[in-house]
Amino acid sequence: MPSISSYEQLRLENIKKNRELLMQLGLDKPIFEPTEKVVKKPTATKKRKGPDTPTSENAEPDTKAQRVSPSQSTPESGVRRSSRNVGKTVNYKREIVKESPIPVAYSSGVKVAENEGPMGREDGPRRCDPKTYGSIPGIAVGTWWPTRQGCSADAIHAPWVGGISGGKQGAYSVALSGGYDDDVDLGYAFTYTGSGGRDLKGTKTAPKNLRTAPQSSDQSFENNASFNKMLQRSCETKKPVRVVRGFKCKSEYAPSEGYRYDGLYRVERAWMEKGMNAKGYLVCKFAFKRLPNQPPLPVRASLDSMGNSARETLEEDEENPEEVEDEPKEE
DNA sequence: GGGCCCGCAGGG
DNA sequence: CCCTGCGGGCCC
């Protein structure tokens with residue numbers, strides 16, 4: 001058999017290019033190399049900058065009601081879990097980042113102080129309008145939901161299925177669910193693939209009843225309900241975009257279960273490239289960068305079987321005071 | 001595990 | 001109304 005498939009080859013090429021672009025965009029975080037051995041530097045395990053004041057509200061005009069009442073987050077046995085996760089064994093000890101106030105995930109039946117954090121509702125009426133730019137009052141960065149329905153109920157990301165939600169001035173929110181193999185997630189920056197170019201087939205009796213399908217044509221910034229155009233607009237308007245990471249996202253920044261609100265990002269670039277599909281159809285790509293003055297991202301221990309903890313020198317505080325980055329005022 | 005069906009929210 | 005869409009459950 002060939003030493004490396006063409007698919008894998010393209011994937012590596014795309015990943016390399018995407019990562020280089022992210023670096024050009026000023027990413028100053030350690031880079032996770034999934035395909036190469038992690039060179040462990042003699043890490044100074046000591047943490048500089050101990051007290052990290054958690055009062056960094058994320059550049060939000062209205063900071064009251066930021067607290068999520070913890071009394072609601074004691075579900076114990078009352079929380080329904082999707083059957084997919086039943087019986088799944090997850091070692092949460094490996095995922096906990098002590099420095100982070102954000103939970104990486106909850107576990108069914110396992111809920112300890114270390115991974116406890118804000119938890120959203122699973123359903124119910126909306127209290128806020130998801131069609132807004134920027135943060136949602138009362139929903140802290142790091143809030144976690146078992147399913148996408150909860151993200152929608154709490155107005156963080158409205159669609160139950162779609163990855164992009166937006167309006168005339170750009171996207172309100174996106175969901176990272178690992179649907180594209182060549183997306184690069186560096187935590188504080190990532191590349192994202194647009195939607196469209198899929199032929200939503202179905203069965204003969206129920207045509208178009210599928211929600212996803214393989215790529216069958218080029219994506220574009222114009223067609224496809226203009227989801228991609230929304231993100232292109234975000235790149236122009238620089239409106240903040242809410243980002244949700246899902247468990248399917250193959251990233252050390254993704255929760256192992258459910259979906260987590262990871263705060264506000266900004267679209268820095270929009271371009272097209274050959275995507276990860278057999279025919280080499282073009283896809284729309286976007287580079288996101290996280291806005292400063294937000295709680296640090298949780299990082300789970302490296303998932304590779306070699307046991308490389310690829311992440312030692314994480315916490316060096318970034319947030320250079322330049323660019324105070326208030327979200328552009330809502331017009 | 002994979003296939004299929006399903007409801008839903010949103011934008012035009 | 002029409003269409004889409006990085007879900008989720010159920011059945012096999």
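Side-chain atoms are counted along with the backbone in the values below, which use heavy atoms only and exclude waters and symmetry mates. Quantities reported herein were computed from a predicted structural model and do not represent experimental measurements. Below, chains carry the letters A, B, ... as their sequence lines are ordered, and counting in each starts from 1.
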Does this structure show an ion pair linking [X] with [Y], if we count only N-O contacts that are shorter than 4.0 Å?
{"X": "A:Lys17", "Y": "A:Glu13", "answer": "no"}
{"X": "A:Lys289", "Y": "A:Glu268", "answer": "no"}
{"X": "A:Lys250", "Y": "A:Asp181", "answer": "yes"}

Looking only at the side chain of [X] (C-beta and beyond, no hydrogens), which of the listed nucleotides [options] gets closest?
{"X": "A:Phe247", "options": "C:dG8, B:dA9, B:dG11", "result": "C:dG8"}
{"X": "A:Lys248", "options": "B:dA9, C:dC6, C:dG7", "result": "C:dG7"}
{"X": "A:Arg126", "options": "C:dC6, C:dG8, B:dA9", "result": "B:dA9"}
{"X": "A:Leu210", "options": "C:dG5, B:dC5, C:dG8", "result": "B:dC5"}
{"X": "A:Thr147", "options": "C:dG8, B:dA9, C:dC6", "result": "C:dG8"}
{"X": "A:Phe227", "options": "B:dG12, C:dG5, C:dC6", "result": "C:dG5"}
{"X": "A:Pro130", "options": "C:dG8, B:dG10, C:dG5", "result": "B:dG10"}
{"X": "A:Tyr172", "options": "B:dG11, C:dG5, B:dA9", "result": "B:dG11"}

Closer than 4.0 Å, any side-chain N/O of [X] to the OP1 or OP2 of [N]?
{"X": "A:Tyr259", "N": "C:dG8", "result": "yes"}
{"X": "A:Lys229", "N": "B:dG11", "result": "no"}
{"X": "A:Ser177", "N": "C:dG7", "result": "yes"}
{"X": "A:Ser226", "N": "B:dG12", "result": "yes"}

Using the P atom on both, measure C:dC10 against B:dC8 and round to a whole Å.
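15 Å, rounded to whole Å.
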For A:Tyr265, which residues count as a ring pair (Phe, Tyr, Trp, His ring centres under 6.0 Å) partner, sequence neighbours excluded?
A:Phe190
Whole Å only: how far is the [atom1] atom of [X] from the [atom2] atom of [N]?
{"X": "A:Met230", "N": "B:dA9", "atom1": "CE", "atom2": "C1'", "answer": "12 Å"}
{"X": "A:Asn228", "N": "C:dG5", "atom1": "CG", "atom2": "P", "answer": "9 Å"}
{"X": "A:Leu231", "N": "C:dC6", "atom1": "CG", "atom2": "C1'", "answer": "13 Å"}
{"X": "A:Asp183", "N": "C:dC6", "atom1": "CG", "atom2": "C1'", "answer": "9 Å"}
{"X": "A:Gln149", "N": "B:dC8", "atom1": "CD", "atom2": "C1'", "answer": "9 Å"}
{"X": "A:His157", "N": "B:dA9", "atom1": "NE2", "atom2": "P", "answer": "13 Å"}
{"X": "A:Gln169", "N": "B:dG11", "atom1": "CD", "atom2": "C1'", "answer": "15 Å"}
{"X": "A:Glu122", "N": "C:dG7", "atom1": "CD", "atom2": "P", "answer": "16 Å"}

Heavy atoms under 4.0 Å, any strand shown: does A:Gly166 hit a base, just sugar-phosphate, or nothing?
sugar-phosphate
Looking at every strand, decide which applies to A:Gly163 at a 4.0 Å heavy-atom threshold: base, sugar-phosphate, or nothing.
sugar-phosphate
Could you pick out which residue, A:Lys168 or A:Trp160, lies toward the 5' side of DNA chain B when each is mapped onto its nearest nucleotide?
A:Trp160
Got a minute to check which stems DNA chain B is part of, using Watson-Crick or G-U wobble pairs under 3.5 Å, three or more consecutive?
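Counting only runs of 3 or more consecutive pairs, the stems involving DNA chain B are B:1-6 with C:7-12, B:8-12 with C:1-5.
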Not counting sequence neighbours, list each pair that qualifies as a salt bridge (Lys or Arg N to Asp or Glu O under 4.0 Å) and has a residue in residues 158-180 of chain A.
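Output for this query is empty, none listed.
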When you measure from the side chain of A:Tyr188 to the backbone of A:Leu297, do you find a donor-acceptor pair of N or O atoms at a distance under 3.5 Å?
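Answer holds: yes.
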When you measure from the side chain of A:Asp129 to the backbone of A:Lys131, do you find a donor-acceptor pair of N or O atoms at a distance under 3.5 Å?
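Indeed, once roles are kept as given, a pair shorter than 3.5 Å links the two residues.
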To the nearest 0.5 Å, what is the distance between CG (A:Asn18) and CD (A:Glu273)?
4.5 Å
Yes or no on side-chain contact (heavy atoms from CB on, under 4.5 Å) for A:Leu264 and A:Arg242, after CA distance, side-chain angles and deciding distance?
CA-CA 5 Å; A:Leu264 302 179; A:Arg242 296 185 295 272; 3.6 Å; yes
